[in-house]
Amino acid sequence: MRKFLLLLGIILISCTSAFAAKLPEEVQNYINKTVPGTDIRFDGVVILPDNTVYLPLFPSLFSDITNLKVKESYPANKELSQKPDIIIFNNDFVLMKVLSDGEGHKTVLHQTIPPLQVRTGLLPQDMLVPSGLILPENIKGIVGNLKIDIKNEDIIKLNARESFEEFLADSDPIKQQALIPQLKNKVLFVTTNYSKNIQVLEPAQSSPKYSLAQKSIPIDIEAVNNGKFLLVTSYERPFLDIISTADSRFIKQINLSTFPEEILLDEDKNKAYVTSPSTSTIFVIDLKTMSLVQKIKVNGYCEKLLLADDKMFYVDKLKNEIWAIELKNNYELKDIGSFPNVSAIAFAKNKLYISSRTKSRVAVIDYSTLGLANEFTTVNKPIAMQLYGNNLYVLGAQNNRVQRINIDNGKVAETIELGTEGFSTGFNKIQGTDLAVITDIKKNKYTIMDLAKGKVLKTYAVNVPINDIIITDKVKEF
């Protein structure tokens, strides 16, 4: 097997705004200590665990201090945990609480004579302005170059039933379905091959609660930051779209100047990898700042990204060739070899597992020697694989079965019948849990499987054609 090394071209992208949103470290420390669990969003907005929102005001010049403390608050003598309307720190940094004016608009505290720190402060110039925000006239100077939108033009939430697409009108009623405890406080984002919109469903419910309007049919979606944001790629759009699920808005578009497709998350390192097969490029997105930080040039039409043990694997669709990128070794490329009709890949204990959809077999490759360590017959038309501990789960599309294989001895431990009588298409782990969701495109069903027990917990039917499902924590709406 031919082996060669290529040094990847890495291009660092500078995409900082004219006024960065990073809060001073001492302010971040104060917030985290005073109200644990607070979300300091990448654009500088501060969101307390109960969804109280604060806007940051940066002073033109920070005062020189030794220890940060609250200098002034409105009402007086309050800390952040008491949620005052305004906090002014002794370095002149300000937090202003977003309030409701009682008429459906958002605003901040109106003061006849605002403090100097408020009048002269400036909002981050890359901040997502809360929808419907109206500022008092006497502090308009804090806006800078921001556009204050009071018409809700960027709201993408569609509530009316007629917005749920024509396919719902002809669907048969689905009986009440019991909610399993594992899906409590979860939410489903469902894409179809027929609609531009992302359907949002409550677990165990068959019809969407609402939908998120998109400009094109989504290719891939992923949820990050405990479901607070969706990353979306769409057909014929050179952008990675970022959606805030708390207020159903597009909050940012990252222009990639080419057509992105798959999204692979590395939330431990706050990164997302996005493929552009047509340009043989993998983009690296910083999830803290939601910005493009790197481009990696690779060989071939890259798809089926896999991240494991500081290595990234992908399949060159045009040549049926598998490549590895050693992320800690100067981004060295390693040619694993050519394999027919690769449907999925998995990696564990220095071995790469490769399933062939047409041959219904799994090849096991020793990563060190690139030799064939094992090969075995699996379920008919294997479409996806999922590793969990010492178990490799292989999903068969044709017979709707899942095969559990012990990777220590290479033997089949059991075969699990899904009973959906359809055509299985996807097998994705639900982040932060021992669960995985299996989708069925023919019967419009999804199955929840417990990977720790190797057990099907529940299968649900929906009246929406399913392409992909993302299940994540439910986020409080603003």
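- Remark: the T420 side chain and the K445 side chain contain no N/O donor-acceptor pair separated by less than 3.5 Å.
- The side-chain hydrogen bond (donor to acceptor under 3.5 Å, both in side chains) analysis of residues 212-233, with sequence neighbours excluded, yields the pairs D39-K228.
- Both the sub-6.0 Å distance and the 45° axial angle are satisfied by K334 relative to the ring of Y367.
- Not counting sequence neighbours, Y353 has no partner by the ring-ring contact (aromatic ring centres under 6.0 Å, His included) test.
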Could you please spell out the steps behind the side-chain hydrogen bond (donor to acceptor under 3.5 Å, both in side chains) verdict for T377 and R361?
CA-CA 4 Å; T377 300; R361 293 184 69 80; 2.6 Å; yes

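- The aromatic ring centres of F93 and F58 sit less than 6.0 Å apart.
- A donor-acceptor contact closer than 3.5 angstrom links the side chains of S343 and S355.
- Environment of NZ in K311: crowded, with over 12 heavy atoms of neighbouring residues, nucleotides or ligands closer than 6.0 Å.
- Summarising the geometry, atom CG belonging to L306 is positioned 13.5 Å from atom OH belonging to Y314; distances are rounded to the nearest 0.5 Å.
- Side-chain contact, T281 with S276: no donor N or O sits under 3.5 Å from an acceptor N or O.
- Between the side chains of N467 and T192, no donor N or O sits under 3.5 Å from an acceptor N or O.
- Under 3.5 Å, the side chains of N341 and S356 contain no donor-acceptor pair of N or O atoms.
- Contact of the L418 side chain with the V456 side chain is registered, since non-hydrogen atoms from C-beta on lie closer than 4.5 Å.
- A donor-acceptor contact closer than 3.5 angstrom links the side chains of N463 and S207.
- With a 6.0 Å cutoff to the six-membered ring centre and a 45° limit on the axis angle, K157 counts as a cation-pi contact of Y210.
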Quick one: do N320 and S338 satisfy side-chain hydrogen bond (donor to acceptor under 3.5 Å, both in side chains)? Show the steps, please.
CA-CA 5 Å; N320 287 320; S338 297; over 6 Å; no

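- Sorted by first then second residue, the ring pair (Phe, Tyr, Trp, His ring centres under 6.0 Å) pairs that include residues 451-472, not counting sequence neighbours, are Y446-Y460.
- Judged purely by distance below 3.5 Å, without hydrogens or angles, the side chains of K319 and N299 never pair a donor atom with an acceptor atom.
- Residue K196 holds its NZ atom at 8.5 Å from CD1 of I217, rounded to the nearest 0.5 Å.
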